[in-house]
Trainee: 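I have a structure here, written as structure tokens, and I will follow up with some questions on it.
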There are 2 protein chains.
Amino acid sequence: MPRKRAELEREEKVEEILEHAVRLVRAGGYEELSINRVAKDLGLARAAVYWYFPSRADLFVAACERVFAEMFAGPPSDGGAIGRIRWGVDRLDGVCEIYLALQQLSATEQVAATLLADIHQRFQRGLREALAPTVEPERLERVVDAVLIFAEGLLGRRLPHEERDRHLEFALAALLGDER
Amino acid sequence: MPRKRAELEREEKVEEILEHAVRLVRAGGYEELSINRVAKDLGLARAAVYWYFPSRADLFVAACERVFAEMFAGPPSDGGAIGRIRWGVDRLDGVCEIYLALQQLSATEQVAATLLADIHQRFQRGLREALAPTVEPERLERVVDAVLIFAEGLLGRRLPHEERDRHLEFALAALLGDER
DNA sequence: ACCTGAACACCGTTCAAGT
DNA sequence: ACCTGAACACCGTTCAAGT
């Protein structure tokens, strides 16, 4: 379908705002992202931003969408199940503040809740793949959920890498059934 | 030690502010607690509040201290290990938003981090007591940590009571060793 | 010691007015 | 369609000035 020139220009502007929003969010989560800041940095009036994004929350969620898309775009790890999961938790830890902010926002903002549900599904798919060879089929779905919930719990702790790994390894051993 | 009249009056004022802060925090977490709101409701100038609490974060943490003290003051459950843990998660869920806000604040505010560490310790003590009869001593400490981390992960999900219990039960069965 | 009023430097959002 | 400037209703914090 052929695009009108006006549509292209609009998309460029959206792109410009979104890119800057991603930069701010990466730097300091939801707190650092303010409509005022975006407008000032881009040389716009504050109100102009609202022509492209209906609210701060919407802009944040749009930026999150980008951040998490890039996170999932990375190459899948090649280790065993535990190696892959550790790698996933590492990736998630890299956007820890953003994830927790999105989680918090999802309590009041539908867009945030929708994106979060989507992210959950993608993690669940990855976990299912990683764990399918090791876990009995009838336990698989519940183990997947449990691992994800535990990983989210770990995230909130903001532990040093090493300690985080210790907890993760222990929980995985228990959840995957530690008869080896 | 005998108290001076001035000291008593000061404590009464602190008490008044703190009580109102607790009310606001209970109603809507960190977001709902604003210095302006406290001042207006109590008929003070905004700046006056700073005579008793150095910042909004400090006032929030002081209010949290109250909320969690009351939470721990409740009667200990009488069920088995799993019953007691379920009961604890229930209590924690009752102050879910406050707990998550405190967790978030603990990333930047020392007072918050200190209180959170204290709360962790109290939960760990409770869990240790509940699990000591069921879990081998050398695994106990790590199981305690894992259960608490899992519970925190559950908290962030804001699931309906029933679904939360399902996940908790599954994780506990795995972590406590499900050979029964 | 305690409190006020004003100020500073921010917010998100709305809206009439311009181009 | 896109953008501005001003306005509204908030924030947290500081500080000189009062009692």
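As the structure is a prediction and not an experimental result, all values here were calculated from the model. Quick note on labels: first sequence line is chain A, next is B, and so on, each numbered from 1.
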Trainee: Count the heavy atoms belonging to other residues, nucleotides or ligands that lie under 6.0 Å from CD of Glu31(B), then report whether that count exceeds 12.
Mentor: no
Trainee: From CD of Glu12(B) over to P of dA1(C), roughly how many Å is that when rounded to an integer?
Mentor: 19 Å
Trainee: Return no unless some side-chain N or O of Trp51(A) is found under 4.0 Å from OP1 or OP2 of dC3(D).
Mentor: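 Checking Trp51(A) against dC3(D): no side-chain N or O falls below 4.0 Å of OP1 or OP2.
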Trainee: Taking the cut-offs as 6.0 angstrom to the six-membered ring centre and 45 degrees off its axis, would you call Arg125(A) and Phe72(A) a cation-pi pair?
Mentor: no
Trainee: Rounded to whole angstrom units, what separation is found between the CD atom of Glu31(A) and the P atom of dG12(C)?
Mentor: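 So the two atoms are 12 Å apart, to the nearest Å.
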Trainee: Below 3.5 Å, does any donor atom in the side chain of Arg46(A) face an acceptor in the base of dG5(D), or the other way round?
Mentor: no
Trainee: Once you round it to whole Å, what is the distance between P of dG12(D) and CD of Glu32(B)?
Mentor: 11 Å
Trainee: Within this structure, what is the CZ-to-C1' distance between Arg56(B) and dT14(D), rounded to whole angstrom?
Mentor: 17 Å
Trainee: Figure out the CG/P separation between Leu33(A) and dT13(C), and round it to whole Å.
Mentor: 11 Å
Trainee: Measuring from the side chain of Ile35(B) (C-beta onward, heavy atoms only), which nucleotide among dG12(C), dT4(D), dT13(D) has the closest atom?
Mentor: dT13(D)
Trainee: Please give, in whole Å, the distance from dC10(D) P to Asp41(B) CG?
Mentor: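 In whole Å, dC10(D) P lies 12 Å from Asp41(B) CG.
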Trainee: Return one dot-bracket line describing DNA chain D 5' to 3' (Watson-Crick or G-U wobble pairs, both distances under 3.5 Å; ( ) same strand, [ ] crossing, | another strand, . none).
Mentor: ||.|||||...|||||.||
Trainee: Rounded to whole angstrom units, what separation is found between the CD atom of Glu11(A) and the C1' atom of dC2(D)?
Mentor: 16 Å
Trainee: Applying a 4.0 Å non-hydrogen cut-off, can you work out what Tyr52(A) is touching in the nucleic acid: base, sugar-phosphate, or nothing?
Mentor: sugar-phosphate
Trainee: Is there a donor-acceptor contact under 3.5 Å from the side chain of Arg56(B) to the main chain of Ile35(B)?
Mentor: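 Between the backbone of Ile35(B) and the side chain of Arg56(B) there is no qualifying donor-acceptor contact (under 3.5 Å).
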Trainee: Given dG5(D), dG12(D), dT13(D), identify the nucleotide with an atom nearest to the side chain of Ala45(A).
Mentor: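 Among the listed nucleotides, the one closest to the side chain of Ala45(A) is dG5(D).
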Trainee: On DNA chain C, compare the nucleotides closest to Ala57(A) and Lys13(B); which residue's is nearer the 5' end?
Mentor: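 On the 5' side of the pair lies Lys13(B).
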Trainee: To the nearest 0.5 Å, how far apart are CD in Glu152(B) and CD in Glu152(A)?
Mentor: 12.0 Å
Trainee: When hydrophobic residues are tied together by side-chain contacts of less than 4.5 Å, even through go-betweens, does Leu175(B) share a cluster with Trp87(B)?
Mentor: no
Trainee: Ring centroids only, cut at 6.0 angstrom: are Phe150(B) and Phe150(A) within range, meaning strictly under it?
Mentor: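 Between Phe150(B) and Phe150(A), the centre distance exceeds or equals 6.0 Å.
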Trainee: Give the rounded distance in Å between these two atoms: NZ of Lys40(A) and P of dC11(C).
Mentor: 7 Å
Trainee: Of the options dC11(D), dT14(C), dT4(D), whose atoms approach the side-chain atoms of Tyr50(A) most closely?
Mentor: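 Side chain of Tyr50(A) sits closest to dT14(C).
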Trainee: Does Glu162(B) CD have over 12 foreign heavy atoms under 6.0 Å away?
Mentor: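 Check fails, neighbour count at 12 or below.
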Trainee: Tell me, please, which residues at least two apart from Gln124(A) pass side chain to side chain contact (heavy atoms under 4.5 Å, CB included).
Mentor: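 Scan of Gln124(A) (side chain to side chain contact (heavy atoms under 4.5 Å, CB included), adjacent residues dropped) gives His120(A), Gln121(A), Arg128(A), Val144(A), Asp145(A), Leu148(A).
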Trainee: When the C1' atoms of dA9(C) and dC10(D) are compared, how many Å lie between them, rounded to an integer?
Mentor: 14 Å
Trainee: Side-chain N or O of Asn36(A) versus OP1/OP2 of dC10(C): is the shortest distance under 4.0 Å?
Mentor: no
Trainee: Tell me whether the side-chain N/O atoms of Arg10(B) come closer than 4.0 Å to OP1 or OP2 in dC2(C).
Mentor: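 Checking Arg10(B) against dC2(C): at least one side-chain N or O falls below 4.0 Å of OP1 or OP2.
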